[in-house]
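In what follows, chains carry the letters A, B, and so on, assigned in the order in which the sequence lines appear, proteins first and then strands, with residues in each chain numbered from 1.
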2 protein chains.
Amino acid sequence: MTVVPPGPRTRIVAAAMELFADKGFGSTSIADILGRAGVNSGSLYHVFPGKQDLLVAVLEAYRDGIGPMLLAPAWNGVDDPVERVFALLGRYRELLVASDCRYGCPIGSLALELHEPDPVVRERLAENFAAWSDAIRNCLETAHDRFPADTDLAALAEFALMVMEGAVMQARTFRDVARFDRGVAQLRRHFDSLMQETAP
Amino acid sequence: MTVVPPGPRTRIVAAAMELFADKGFGSTSIADILGRAGVNSGSLYHVFPGKQDLLVAVLEAYRDGIGPMLLAPAWNGVDDPVERVFALLGRYRELLVASDCRYGCPIGSLALELHEPDPVVRERLAENFAAWSDAIRNCLETAHDRFPADTDLAALAEFALMVMEGAVMQARTFRDVARFDRGVAQLRRHFDSLMQETAP
DNA sequence: GTCTATACCCTGATAGAC
DNA sequence: GTCTATCAGGGTATAGAC
C-alpha cells in the first residue's frame, strides 16, 4: 500500500468536482479550477484538451466513487437490503441538512444544466444514474422474496432514484427538508404496500 | 375582446422563455434574446434593468401560465380528478416524445442550474412548484373520499411533482420514454394501493 | 511537464443621438 | 422609447520559454 502525493491531474479533477457541484459547469471558470487546484493553465491543458474533457473525467470520477464514497458510508452498519435503500436516502437528507438545504445532487444538477450535452457527456451522466439504480436493484433482488414475484425490481430501483432527485430538487428550492421527508415517506409507503402483498 | 400587437416587453419575455427552456439561463445571451425578439439592446434595457430581472419576469409568466397553458389543455375532456393527475403526467410524456426525449421541465432545469439563486428568483421557482402541486392537491381533495381519511393529500401531490421531475430527468438523460412510463406506472400503483384501502 | 504572458472572442451593460 | 456604437471585463484556449 503506497501513498503518493496527488499529481496535478488528480488535484485538477478534485477541484473541478467540487466547483462543478458548488456552482455548476457553466459558472465555473478554468481560472476557478486552476486557483483551487494550485496549478497553472499550462498544466491543465497539458492533461485535458478542453473544459469538456475535464467534465468527462469528473463524471467518471463520480461514477467510480459511487460505491466507495457514497454507498459504503451510507450502508455502514445497515445489513437489511430494503433498509439500505432508505439508508441511502438518509445520506441525502444529511447532505441537505448539513448545507441548510442548499445541497443538490451533482449529477442531477449537471443533467439538467447541460441542455444539449455532447454524446460522451450524456453517456457518462447515464452511467452515473445506472450505477446508482443498479446498486439499489441489487438490494431489492437480495430481498426479492419480500416482493410479489412479478414485481419489476429494476423499475422500482429507478423509481427510488427519481424520487430522490425530485425530492432533493424540491427540498432545495423550498429550503425545507420536510419536503424531502414527505417524499421519502410516500416512497416508504409504496414499498410497504408492495411488501404487504407477500407478508407471511 | 381587443387584440393588440404584442409590445416589446411581451416579445422579449416570450423569446426569453423559449431560449431559457432550450439552452438554459447561463447559456442564453442577451444577444440571443434580442435576435429572437426582434428588438434592440436599448429597448430591452429600457424595460429590464438586467438579465436577472428578465428571468424573474419569465418565471412569473410560467407561473401565471400553468393554469391556462398547461393544465387546461391537459385536462380537456378529463373529468375524473384522479385521472387528471395522470393526464397531466401524460402531457409531459407527449412533450418528451415530441422532442425525442430532449424535453426538460423549464422550471426544474432552472431550479437545478441556478446554484445560488437570488432570493427573488428562488421564491419565483418555489411559486411555480407550489402552483403545480396545489393544482394536483385540489384534484385529490375533490376525490378525498377515495383515499383513507388520514391521507396527507398535499404530500401526495408534492410526491407526484417529485416523480414527474425525476422521471423527466431520467427519460431525458437516457433518451428513453420508457423510463418515464415506468416511473408513472409506479406512481399509479402507489395511488391504487392507497385507494384500495377505501374500496367499497 | 510546468511556467508566464497573451490572443481573441463574447459577455452584460451603457452612452447618447434621434 | 428606440436606435447604433461601444465599453470594460472575463471567458477559453494557445504560444513559446524554461
Side-chain angles (χ1 to χ4, degrees), chain A residues 4-59 61 109-110 113-121 124, chain B residues 4-61 109-110 113-122 124:
Chain A
V4 291
R9 193 198 140 96
T10 307
R11 292 210 309 282
I12 291 167
V13 171
M17 286 179 82
E18 294 174 17
L19 287 163
F20 291 169
D22 281 0
K23 325 200 316 172
F25 177 73
S27 298
T28 298
S29 71
I30 301 285
D32 290 337
I33 297 166
L34 297 176
R36 176 167 303 211
V39 157
N40 293 102
S41 164
S43 301
L44 188 148
Y45 283 102
H46 180 74
V47 178
F48 298 105
K51 197 182 176 188
Q52 174 177 298
D53 303 272
L54 178 49
L55 172 61
V56 171
V58 163
L59 291 172
S109 298
L110 288 168
E113 177 190 349
L114 306 169
H115 286 232
E116 279 167 357
D118 188 279
V120 183
V121 171
R124 293 298 177 281
Chain B
V4 291
R9 195 199 138 95
T10 307
R11 291 211 308 282
I12 290 166
V13 172
M17 286 179 80
E18 294 173 17
L19 287 164
F20 291 169
D22 281 359
K23 325 200 317 174
F25 177 73
S27 298
T28 298
S29 71
I30 301 284
D32 290 337
I33 297 166
L34 297 176
R36 178 168 300 213
V39 157
N40 294 100
S41 164
S43 301
L44 188 148
Y45 283 102
H46 180 74
V47 177
F48 297 104
K51 196 182 177 188
Q52 173 177 297
D53 304 272
L54 177 49
L55 172 60
V56 170
V58 163
L59 291 171
E60 290 172 349
S109 298
L110 288 168
E113 176 190 350
L114 306 168
H115 286 232
E116 280 169 354
D118 189 277
V120 184
V121 170
R122 194 187 60 74
R124 294 298 177 280

Side-chain contact, heavy-atom cut-off 4.5 Å: [X] with [Y]?
{"X": "A:Val56", "Y": "A:Asp118", "answer": "no"}
{"X": "B:Asp32", "Y": "B:Ser29", "answer": "yes"}
{"X": "A:Ser109", "Y": "B:His115", "answer": "yes"}
{"X": "A:Phe25", "Y": "A:Leu54", "answer": "no"}

Checklist entry - Taking only residues two or more places apart in sequence, or in another chain, which ones meet B:Glu60 in a salt bridge (Lys or Arg N to Asp or Glu O under 4.0 Å)? => result B:Arg124
Checklist entry - Just checking, is any N or O donor in the side chain of B:Ser43 or B:Asn40 under 3.5 Å from an acceptor N or O on the other one? => result no
Next on the checklist: Would you say that more than 12 heavy atoms from the other residues, nucleotides or ligands in this model lie under 6.0 Å from the CZ of B:Arg9, or not?
Outcome noted: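 No.
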Checklist entry - Looking at DNA chain C, which of residues 28-54 of chain B put a heavy atom within less than 4.0 Å of it? => result B:Thr28, B:Ser29, B:Ile30, B:Ser41, B:Tyr45, B:Gly50, B:Lys51
Checklist outcome for this item: Intra- and inter-strand pairing of DNA chain C, written as dot-bracket with Watson-Crick and G-U pairs under 3.5 Å and | for the latter, reads ||||||||||||||||||
